[in-house]
2 protein chains.
Amino acid sequence: MSSPTLADVASLADVSENTVSRVIRDKGYIAPATRKRVNEAIRKLGYVPNRAAGSLASSSSAIIGVILPSMSNIVFPEVLRGIHAGLAGTHYQPMIGVTDYDLKKEESLISSLLAWKPAAIITTGCEHTAAARRMLKNSTVRVGELMDIDHRPIDLAVGLSHLEAGRSAARHLIGRGYAKIGYVGHDWNADKRAHARYLGLVEGLRQAGLVLSEENRTNGPSSTLAGKAALAELLSRAKTIDAVVFSNDDMAVGGYMHCMAAEIAVPETLALFGFNGLEIGQTLPKPLSTILSNRFAIGKTAVELLLANSERNKKPQIVDTGFSILEGSTA
Amino acid sequence: MSSPTLADVASLADVSENTVSRVIRDKGYIAPATRKRVNEAIRKLGYVPNRAAGSLASSSSAIIGVILPSMSNIVFPEVLRGIHAGLAGTHYQPMIGVTDYDLKKEESLISSLLAWKPAAIITTGCEHTAAARRMLKNSTVRVGELMDIDHRPIDLAVGLSHLEAGRSAARHLIGRGYAKIGYVGHDWNADKRAHARYLGLVEGLRQAGLVLSEENRTNGPSSTLAGKAALAELLSRAKTIDAVVFSNDDMAVGGYMHCMAAEIAVPETLALFGFNGLEIGQTLPKPLSTILSNRFAIGKTAVELLLANSERNKKPQIVDTGFSILEGSTA
DNA sequence: CTGTTAGCGCGTTCAT
DNA sequence: ATGAACGCGCTAACAG
């Protein structure tokens with residue numbers, strides 16, 4: 001009734017359990033004939049190794065713990081896609097948790113994931129509770145902190161400098177001759193990286209002797225709907241601005257929709273600039289001017305580096321996956 | 001160096017391992033005083049239970065295996081979001097695999113997930129290899145097959161009838177007076193449900209004495225870009241059609257973009273109809289007419305039903321999460 | 001190249 | 001209300 005075990009395979013193939021185990025894990029030399037016998041027994045019995053037992057015996061597992069702040073923001077599914085791509089062809093399985101941007105939840109997820117003795121834990125950003133940081137530091141699993149490289153990681157950070165991305169946005173707009181620049185954003189508590197980009201933007205403007213003309217931030221998460229409404233509200237107050245930087249593409253696409261509905265010429269009357277380089281922005285009648293963040297590459301690179309070495313680096317490693325300006329036609 | 005075990009906690013709290021285990025799992029009566037001592041010891045040591053050991057001993061685990069065909073299609077991250085929502089507050093952890101629409105890959109994922117003795121396995125659709133079906137049938141874990149209810153499930157199916165959704169699209173357009181209807185779609189091999197909707201559409205038209213005027217299918221997966229190009233191509237051949245049904249919203253949004261660029265009045269000159277009810281479609285200057293599929297509800301409902309009972313139903317259970325027409329302004 | 005011997009850390013069963 | 005003994009299925013270390 002219950003599933004066959006190593007012992008069943010061993011007795012059918014007339015070898016020791018150990019030999020079966022070796023065949024399965026492809027470890028050490030096995031006589032071709034025995035290997036064949038064992039494989040046949042495995043097939044005949046429909047044997048599937050019990051990972052829990054293996055994990056207990058070896059105190060390690062082929063699990064990759066993945067902790068994401070959200071699944072609603074398209075960016076994270078894309079990171080997850082990169083992680084999957086990096087995992088393809090290996091026998092590692094991702095085990096996923098979602099924090100909803102709650103550091104306490106992250107802490108408890110880290111603890112449950114650690115309970116499975118994963119090969120690595122991948123999480124987001126640099127902010128963790130003290131307890132979470134301690135658990136990660138004390139454990140020996142590899143740790144990847146994604147998206148953001150403006151900090152010193154526990155083991156490995158992969159991402160881009162959001163501060164620098166903000167500065168680049170400023171430089172781009174200034175280079176195009178825009179001077180009265182506004183900002184439309186979403187909630188920074190839930191998204192520190194959006195805040196970092198904002199700070200970079202302000203700094204970039206300051207270096208050119210400019211300041212942000214006007215800004216409007218919504219309370220909730222980013223969305224096209226929120227961006228549409230928030231731009232409308234901003235423009236009702238500030239009619240003289242000539243460009244708007246959005247916290248990300250979702251918001252910017254919403255802004256574009258507002259301009260279309262309100263018949264505002266983009267970019268002649270108002271220029272729009274986003275962040276992320278989502279496909280939808282590039283499908284607009286005028287492709288959105290934005291910054292391409294390499295979400296997919298971030299996930300994939302992180303996995304590859306993490307799996308390349310089972311031991312942590314002596315010195316924390318930082319990998320910059322960079323970003324690039326998509327010129328577009330809206331700014 | 002290595003993490004503390006039950007035994008460490010037990011000796012610190014001066015009780016037997018067994019008592020500690022009971023406290024942790026909240027099973028049986030424990031004297032308040034001992035419970036307190038144990039909890040303090042746990043905290044002091046930073047004890048985290050080893051799940052692999054627990055799982056081995058109990059031959060069960062709090063893992064939910066989730067198998068998705070793709071992470072690129074926004075629909076599946078949304079299902080995953082629903083799954084997470086259903087799992088919130090429980091101690092279950094999703095373990096995820098992605099098949100890339102490859103049934104062989106699904107088979108091997110099922111086998112690796114089964115190796116962890118999960119509480120349930122959630123997968124997509126009704127199509128599986130014979131071996132995969134056998135593994136699922138023979139195991140005792142609960143099995144949820146999502147998205148599609150036009151088939152007899154192994155244990156539980158949650159989703160909607162795509163055939164019926166297609167018929168509804170036909171009825172809606174006919175009711176609005178459209179008669180020369182075209183179809184723009186993506187690759188059906190990768191998406192049997194899109195095919196089912198197509199069949200429903202054709203059937204719905206036939207019942208009204210109509211036929212599809214013209215159709216165009218791309219080879220790759222759905223995307224706004226593909227939809228844009230495919231509609232352009234279709235219109236170059238068939239200038240007299242008055243409405244187009246798309247395989248889904250991604251394609252339809254692309255079609256909308258083409259109409260904007262080509263200055264085709266929607267819906268006056270050409271009506272557009274999608275499927276899924278994605279947010280982006282509703283943000284267009286004219287909200288997309290489409291059918292809302294409840295991806296989130298599908299994931300959440302499935303998890304809730306699966307966890308409600310650790311034993312399989314004697315009879316396969318089918319749950320229809322339904323769909324609804326979003327009237328929109330494009331058809 | 002293969003077998004033997006010992007656990008891994010926990011849950012279960014039976015006592016008390 | 002608590003403890004003792006056993007074994008889950010596998011891998012590791014050492015023989016040979």
Side-chain angles (χ1 to χ4, degrees), chain A residues 1-39 41-42 45-63 91 112 114-117 119 139-140 310, chain B residues 1-39 41-42 45-63 91 112 114-119 140 310:
Chain A
M1 201 64 274
S2 87
S3 22
T5 70
L6 259 196
D8 298 326
V9 177
S11 74
L12 182 58
D14 202 35
V15 292
S16 73
E17 299 184 25
N18 207 308
T19 301
V20 178
S21 174
R22 282 183 184 115
V23 170
I24 288 171
R25 288 173 301 139
D26 209 15
K27 264 204 165 173
Y29 290 98
I30 304 281
T34 21
R35 159 167 282 136
K36 201 177 155 215
R37 274 212 322 288
V38 168
N39 278 132
I42 288 176
L45 293 176
Y47 170 72
V48 174
N50 181 328
R51 297 288 171 203
S55 175
L56 177 59
S58 67
S59 69
S60 74
S61 80
I63 289 176
H91 57 299
S112 356
L114 246 17
W116 288 103
K117 309 282 172 199
S139 81
T140 58
S310 62
Chain B
M1 202 63 275
S2 89
S3 21
T5 70
L6 260 196
D8 299 324
V9 177
S11 75
L12 181 58
D14 202 34
V15 292
S16 73
E17 298 184 25
N18 206 319
T19 303
V20 178
S21 174
R22 282 182 182 114
V23 169
I24 288 172
R25 288 172 302 135
D26 209 16
K27 262 204 168 175
Y29 290 98
I30 305 280
T34 32
R35 160 167 283 137
K36 201 177 153 210
R37 274 212 323 286
V38 169
N39 278 131
I42 288 175
L45 293 175
Y47 169 72
V48 174
N50 181 327
R51 298 287 170 203
S55 175
L56 177 59
S58 69
S59 72
S60 74
S61 80
I63 289 176
H91 57 298
S112 357
L114 246 18
W116 287 103
K117 309 281 171 199
T140 59
S310 62

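Protein chains get the first letters and strands the later ones, always in sequence-line order, with residue 1 at the start of each.
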Open item on the list: OP1 or OP2 of C:dG3 versus the side-chain N and O atoms of A:Thr19: is any pair under 4.0 Å?
Closed with: yes
- [ ] Provide, to the nearest angstrom, the distance between the CG atom belonging to B:Asp26 and the C1' atom belonging to C:dG11.
- [x] 16 Å
Open item on the list: What is the distance, to the nearest angstrom, from the CD atom on A:Glu17 to the C1' atom on D:dA13?
Closed with: 16 Å
Task: Whole angstrom value for the distance that separates P of C:dC10 from CD1 of B:Ile42 - done: 10 Å
- [ ] Using modelled atom types only, decide if a donor and an acceptor are shared between the side chain of B:Asp8 and the backbone of B:Thr5 within a distance under 3.5 Å.
- [x] yes
TODO: Check every atom of C:dC1, C:dG9, D:dT2 against the side chain of B:Leu56 and return the nucleotide holding the closest atom.
DONE: C:dG9
TODO: Using a 4.0 Å heavy-atom cut-off across all strands, classify B:Thr34 as base, sugar-phosphate, or nothing.
DONE: sugar-phosphate
- [ ] Go through D:dA1, D:dA12, C:dT2 for me and flag the one nearest to the A:Arg25 side chain.
- [x] D:dA12
Open item on the list: Give me the atom names and distance for the closest heavy-atom approach of B:Arg37 to B:Ala13.
Closed with: NE-O, 3.0 Å
Open item on the list: How many whole angstroms separate atom CG of A:Asp14 from atom P of C:dT2?
Closed with: 12 Å
TODO: Calculate, to the nearest 0.5 Å, the distance between atoms NE2 and CZ belonging to A:His91 and A:Arg25 respectively.
DONE: 10.5 Å
Open item on the list: Could you check whether any side-chain N or O of B:Ser61 sits under 3.5 Å from a backbone N or O of B:Ser55, counting only pairs where one atom can act as donor and the other as acceptor?
Closed with: no
- [ ] Starting at CG of B:Leu114, measure out to OG1 of B:Thr140 and round the result to the nearest 0.5 Å.
- [x] 8.5 Å
- [ ] Have a look at A:Arg22 and say if it touches a base, only the backbone sugar-phosphate, or nothing, with a 4.0 Å heavy-atom cut-off.
- [x] base
- [ ] Give a yes or no on whether a donor-acceptor pair under 3.5 Å exists between the nucleobase atoms of D:dT11, that is its base, and the side chain of A:Asn18.
- [x] no
Task: Between D:dC8 (C1') and B:Lys117 (NZ): distance, integer Å - done: 11 Å
Open item on the list: Without decimals, in angstroms, what is the distance between A:Tyr29 OH and D:dG16 P?
Closed with: 23 Å
Open item on the list: Can you see whether A:Ser58 engages A:Lys117 through a side-chain donor-acceptor pair at a distance of less than 3.5 angstrom?
Closed with: no
- [ ] Choose from D:dC10, C:dC10, C:dG3 the nucleotide whose nearest atom is closest to any side-chain atom of A:Thr5.
- [x] D:dC10
Open item on the list: Counting only side-chain nitrogens and oxygens, does B:Ser16 get under 4.0 Å of the OP1 or OP2 atom of D:dG3?
Closed with: yes
Task: Minimum-distance nucleotide to A:Ala53 side chain [options: C:dC10, C:dG3, D:dG9] - done: D:dG9
TODO: Nearest whole angstrom, please: distance from the P of C:dC8 to the CH2 of A:Trp116.
DONE: 19 Å
Open item on the list: Students often get this wrong, so: under 4.0 angstrom with heavy atoms, is A:Ser59 touching a base, only sugar-phosphate, or nothing?
Closed with: nothing
Open item on the list: Judged by each residue's nearest nucleotide on DNA chain D, which is more toward the 5′ side, B:Ser58 or B:Val15?
Closed with: B:Val15
Open item on the list: With a 4.0 Å limit, can you tell me whether A:Ser21 has a side-chain N or O closer than that to the phosphate oxygens OP1/OP2 of D:dT11?
Closed with: yes
Task: Among D:dC10, D:dG7, C:dT2, the one nearest B:Ala57 by side-chain distance - done: D:dG7
Open item on the list: Under 4.0 Å, heavy atoms only, any strand: does A:Leu6 hit a base, just the sugar-phosphate, or nothing?
Closed with: base
- [ ] Could you tell me the separation between the CD1 atom of B:Ile24 and the P atom of C:dT12, rounded to a whole number of Å?
- [x] 13 Å
